[in-house]
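Accompanying notes for the structure given below.
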Amino acid sequence: MTSAKKQTQVRLEEKVLEAGKAAARARHLDFNKYVERLIIEDTTGARAAGMAAAQRFIDEHGSFLDDLEQRLDAPYDEQPGAAA
């Protein structure tokens with residue numbers, strides 16, 4: 001069973017529209033589906049739950065991620081285990 005889609009018109013600043021289209025392309029979605037998902041995530045609490053989970057992950061593992069990032073940014077010859 002498919003639900004009927006309603007058409008609406010939205011006016012956006014050109015830069016906002018282009019950013020939205022780029023975000024949709026990056027997710028391999030058409031712009032309409034991208035906007036639909038944003039609305040669903042926002043109105044169902046899914047976005048808030050995801051952000052809360054991400055914050056818990058950062059709180060628990062942030063120092064490890066910071067250390068990893070510093071190691072990856074170091075020149076190769078300064079990497080642990082690099083051949084002399």
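We count residues from 1, following the sequence as given. In what follows, every heavy atom counts, from backbone to side chain, and hydrogens, waters and symmetry copies are set aside.
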Identify, with sequence neighbours excluded, every residue that meets side-chain contact (heavy atoms from CB on, under 4.5 Å) alongside L68.
->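 Partners of L68 under the side-chain contact (heavy atoms from CB on, under 4.5 Å) test: F64, L72.
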Distance, nearest 0.5 Å, that separates NE2 of H61 from CZ of R56 =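 Reported to 0.5 Å precision, the distance equals 11.0 Å.
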Any chance you could lay out the side chain to side chain donor-acceptor pair (under 3.5 Å) test for D59 and Q55, step after step, and finish with the verdict?
-> CA-CA 6 Å; D59 291 345; Q55 188 60 55; 2.8 Å; yes
Which pair of non-hydrogen atoms, one from Y34 and one from A23, has the smallest distance, and what is that distance?
->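 Residues Y34 and A23, closest heavy atoms: OH-CB, 3.4 Å.
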Sequence neighbours left out, what pairs pass salt bridge (charged side-chain N to carboxylate O under 4.0 Å, His left out) with at least one residue falling in residues 12-36?
->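 Every pair satisfying salt bridge (charged side-chain N to carboxylate O under 4.0 Å, His left out) with a residue in residues 12-36: K5-E36, K33-E36.
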Give a yes or no on whether M51 and I39 share a hydrophobic cluster (residues Ile, Leu, Val, Met, Phe, Trp, Tyr; joining criterion: side-chain heavy atoms under 4.5 Å apart).
->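 Unlinked, M51 and I39 end up in two clusters.
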Do L17 and V35 belong together in a cluster built from hydrophobic side chains that touch within less than 4.5 Å?
->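 Yes, because L17 and V35 connect within a single hydrophobic cluster, where side-chain heavy atoms sit under 4.5 Å apart.
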